[in-house]
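Every chain is numbered from 1 and lettered A, B, ... according to where its sequence line falls, protein lines coming before strand lines. Owing to the predicted nature of the structure, the values given are computational and were not obtained by experimental measurement.
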There are 2 protein chains.
Amino acid sequence: MKKSERQAVIERLIMEYPIATQEELMAKLKAEDITATQATISRDIREMQIVKTPDDHGQTRYVIFKETNKNEQERLFESLHDVVISIDRVEFMNIIHTLPSNGNLLAAIIDDLHLPEVSGTLAGHDTIFIISPNATVAKQLHDLFISHVADDNDVAD
Amino acid sequence: MKKSERQAVIERLIMEYPIATQEELMAKLKAEDITATQATISRDIREMQIVKTPDDHGQTRYVIFKETNKNEQERLFESLHDVVISIDRVEFMNIIHTLPSNGNLLAAIIDDLHLPEVSGTLAGHDTIFIISPNATVAKQLHDLFISHVADDNDVAD
DNA sequence: ATCTTCATTGAATAATTATAAAAAACAACC
DNA sequence: GGTTGTTTTTTATAATTATTCAATGAAGAT
């Protein structure tokens with residue numbers, strides 16, 4: 001039995017059943033003919049970034065932890081870096097081109113920040129309009145955003 | 001000392017320091033003149049949905065857990081329920097009105113699902129246009145969405 | 001004021017999880 | 001074959017966390 005196999009089964013099991021303890025997980029593994037001690041499972045759980053969390057009704061269960069522990073600004077800058085193709089300013093507006101299907105996602109992140117430089121956004125599949133209070137502020141925003149776009153994206157300044 | 005006060009301090013502390021055990025947290029609380037036993041802290045942690053997770057370098061620490069453990073469809077239905085004010089259909093389009101600042105968020109969720117009924121979305125602060133391939137499909141989508149909107153929201157059918 | 005109920009807490013302890021140290025498994029080499 | 005180094009696992013135990021039960025306190029009702 002390979003470690004990776006076992007971990008794949010663990011992932012499936014914790015998604016399928018509300019498993020509350022390592023002993024319980026051990027039993028479920030046994031039912032699939034995988035033998036492992038609690039100690040091994042403890043290490044798997046740590047490696048796989050699985051955490052125990054109370055679900056809706058007081059019960060705790062293991063779930064796979066995803067990184068939602070970044071702050072909003074980090075998320076913005078990461079997204080700018082990852083999905084923005086170009087940013088152009090026209091007067092008091094910025095027009096952002098994104099990779100397909102990332103327009104609304106990025107706009108939601110921008111909205112979330114409630115920046116004073118942003119009066120409103122309008123987003124589609126791969127384009128976002130950002131309206132600023134005036135052209136000066138729009139330029140500031142443009143400069144800020146541009147500085148976080150990946151160099152190898154096709155950026156028009 | 002109110003429970004809510006203590007929990008607010010706990011939240012601040014776990015964000016500020018990499019706290020690995022409840023004893024450690026107890027000590028930090030003590031330093032802020034808040035006395036509580038490990039039992040109490042255990043209960044706080046459960047209530048606040050704080051989890052222990054390994055961070056970048058093997059160390060574990062407590063962090064606040066956010067629900068990323070819902071599937072996309074659950075997220076959609078929850079959002080429809082929580083933020084939608086009205087949904088109207090005009091020919092092959094649906095127009096959704098949301099609570100302020102939720103337009104792009106909800107649109108991002110809808111985009112994520114890549115529904116065949118959705119050719120594209122266009123979202124702003126509190127409004128979303130959803131374009132469907134034809135009026136029939138748009139009506140199906142409308143019916144589906146409507147059924148998940150909270151009854152006490154001001155729904156126009 | 002006294003009683004009742006419900007929430008909160010601490011002390012003690014049970015339950016659970018993590019880890020140290022040794023053993024086993026495995027691979028790559030001679 | 002044997003030897004060496006590395007990874008994974010177990011056993012035994014330490015460390016950590018959750019819970020039971022009793023005590024305390026707060027808010028409302030009579």
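Ion pairing between a basic and an acidic side chain is recognised when a charged N comes within 4.0 Å of a carboxylate O; B:Glu16 and B:Lys28 show no such pairing.
Checking side-chain atoms of A:Asn102 against main-chain N and O of A:Leu105 turns up no donor-acceptor pair under 3.5 Å.
Using a 4.5 Å heavy-atom threshold, the side chains of A:Leu122 and A:Ile131 count as separate. For the pair B:Thr40 and B:Arg6, the minimum side-chain heavy-atom distance is below 4.5 Å.
Atom-to-atom, CG of A:Leu29 to P of D:dT9 comes out at 12 Å; the value is rounded to the nearest Å. The interatomic distance linking B:Lys3 (NZ) with D:dA26 (C1') rounds to 14 Å, in whole Å. Between B:Glu23 atom CD and C:dG10 atom C1' there is a gap of 14 Å when expressed in whole angstrom units. In this entry the distance linking CD of A:Glu47 with C1' of C:dT19 reads 14 Å, nearest Å. Counting to the nearest Å, the P atom of D:dT8 and the CE atom of A:Met48 are 14 Å from each other. When rounded to the nearest whole Å, the span between CE of B:Met26 and C1' of D:dA15 equals 14 Å. Protein atom NZ of B:Lys2 is 13 Å distant from nucleotide atom C1' of D:dA27, rounded to whole Å. Between the CD atom of B:Glu24 and the C1' atom of D:dT16 there is a distance of 12 Å, rounded to whole Å.
Each of D:dT20, D:dT9, C:dA18 was ranked by its minimum atom distance to the side chain of A:Gln22; first place goes to C:dA18. You'll find that the side chain of B:Tyr62 is closest to D:dT17, out of D:dT17, D:dT10, C:dG10. Distances from the side chain of A:Thr37 to the nucleotides D:dT11, C:dA11, C:dA18 place D:dT11 closest.
As judged by a 4.0 angstrom heavy-atom cut-off over every strand, A:Ser42 is placed among the base-contacting residues. Within the 4.0 angstrom heavy-atom criterion, only backbone atoms of the sugar-phosphate kind lie near B:Thr21; the bases stay farther away. Using a 4.0 Å heavy-atom criterion, one finds that A:Lys52 contacts the sugar-phosphate atoms exclusively.
Of the side-chain N and O atoms in B:Arg6, none sit less than 4.0 angstrom from OP1 or OP2 of C:dT8. Between A:Arg46 and C:dT19 there is a side-chain N or O to OP1 or OP2 distance below 4.0 Å. The shortest distance between the side-chain N/O atoms of A:Arg43 and the OP1/OP2 oxygens of D:dT10 is not below 4.0 Å.
Remark on DNA chain C: of its neighbouring residues A:Ile45 and B:Ile41, the 5'-side contact belongs to B:Ile41, judged by nearest-heavy-atom nucleotide. Between B:Gln38 and A:Ala36, it is A:Ala36 whose nearest contact on DNA chain D lies nearer the 5' terminus.
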Only distances under 3.5 Å count here; give the side-chain donor-acceptor pairs of residues 90-101 of chain B to other protein atoms, sequence neighbours excluded, each with its distance to 0.1 Å.
{"residue": "B:Asn94", "atom": "ND2", "partner": "B:Ala138", "partner atom": "O", "Å": "3.1"}
{"residue": "B:Thr98", "atom": "OG1", "partner": "B:Gly103", "partner atom": "N", "Å": "3.4"}

